[in-house]
Amino acid sequence: MEYGQSIKIKAPATIANMVCGFDILGFAVAEPYDEMTITLKKEPGISIVHTDDHQLPTEPNDNVAGVALQAMLSELTMPVGFDVIIHKHIKPGSGLGSSAASAAGAVVAANYLLGEVFNKESLVQFAMHGEKLASGVKHADNITPCIYGGITLIRSIFPLDIIPLQPPPLFVTIVHPQIEVKTADARSILKKQVYLKDAIKQWGNIAGLVSGLLQSDYALIGRSLEDVLIEPVRSILIPGFDEIKERSKSVGALGGGISGSGPSVFMLSRSLETAQLVEIQMKAVFQQMNLLHYTYVTTVSSNGVQLFSA
Ligand code: HSE
């Protein structure tokens with residue numbers, strides 16, 4: 001541990017839920033990602049500067065990275081502080097784990113500067129304070145893949161039980177229409193109770209998806225990417241959602257759905273060529289609506305937060 005030392009990190013976007021696994025499945029993608037630089041200082045306290053133009057709060061109590069770092073500092077006996085510079089490329093409110101990237105990036109970087117005193121599970125716990133601030137609920141399905149990389153199953157939050165999965169290669173096409181859906185709002189419209197027949201379908205799909213990933217069975221992955229509980233309610237917030245799904249599958253996508261709480265939509269494919277065809281279909285849907293949108297053709301990434309020397 002050295003006062004004045006800085007570290008730069010990249011924190012990846014993450015896609016929570018993975019269609020049927022509401023709050024329990026998520027994965028990291030290679031792009032987009034946020035960039036941060038954190039410096040360890042002797043004086044207690046956290047300072048935050050944003051170099052992007054998203055106008056996020058910089059007061060540590062109101063900032064997801066700030067509250068995650070405060071949770072970490074409360075476990076330390078020595079008085080230290082951090083200067084944090086954040087440049088976000090993952091737009092807040094996109095459904096691509098923007099708040100998780102800030103919170104997870106901050107605690108991974110801080111832990112490195114402190115000499116790796118905390119394990120990954122503790123880092124997930126600290127970073128979840130950021131999710132609580134952002135959405136009102138501690139959920140770990142963005143935070144965990146952001147820290148671990150790859151696809152992660154969160155079997156339980158209390159107590160935390162994380163199972164990293166080893167997936168086959170998967171290409172990801174993402175479209176982000178320029179409308180904002182707040183996670184808190186997208187959660188508040190969900191039904192509090194479900195029918196047993198729907199629950200049976202859902203857990204069949206989750207088990208099928210996890211089995212498909214572990215066995216590299218793409219057909220099983222594809223037919224398990226079905227959500228009978230959340231998607232029917234939330235998809236009404238995303239114009240063109242059904243058409244995007246239909247057209248993406250017609251050109252060979254395995255399947256997909258809402259990214260986290262939306263409004264971004266993602267599709268999985270076996271090949272880069274298919275993922276690029278899917279992008280064309282996604283663009284066509286929003287172009288015909290005159291709705292501004294951004295797309296990414298990327299991969300499920302085995303990397304979580306990556307460290308670089310400053
Ligand atoms: N599982 C969360 C939700 C993820 O869907 O509300 C939010 O990014």
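Atoms within a ligand are numbered from 1 in the order they appear, just like the ligands themselves.
Applying the 4.0 Å criterion to heavy atoms of F22 picks out, from ligand 1, the atoms 3 (C), 5 (O), 6 (O). Interface of A16 with ligand 1, defined as ligand atoms under 4.0 Å from a residue heavy atom, comprises 4 (C).
With a 6.0 Å radius and a threshold of 12 heavy atoms from other residues, nucleotides or ligands, Y218 has its OH atom above the threshold. Within a 6.0 Å sphere centred on NZ of K201, heavy atoms belonging to other residues, nucleotides or ligands number 12 at most. Taking a 6.0 Å sphere around CD of Q166, one finds it holds 12 or fewer heavy atoms contributed by other residues, nucleotides or ligands.
Taking the ring centre of F308 as origin, the terminal cationic atom of K8 falls outside the region bounded by 6.0 Å and 45° from the ring axis.
In terms of protein heavy atoms, atom 3 (C) of ligand 1 is closest to R187 NH1, 3.3 Å. In terms of protein heavy atoms, atom 7 (C) of ligand 1 is closest to H139 CE1, 3.5 Å. If you check which protein heavy atom lies closest to atom 8 (O) of ligand 1, you get N142 OD1, 3.0 Å.
In this structure, R234 is part of the shell of residues with a heavy atom less than 4.0 angstrom from ligand 1.
Listed by first and then second residue, the ring pair (Phe, Tyr, Trp, His ring centres under 6.0 Å) pairs involving residues 128-164 amount to none (not counting sequence neighbours).
Relative to atom 2 (C) of ligand 1, the option among D23, L190, L25 with the closest non-hydrogen atom is D23.
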Steps toward side chain to side chain donor-acceptor pair (under 3.5 Å) verdict (E279, T295): CA-CA 7 Å; E279 182 186 32; T295 53; 2.7 Å; yes
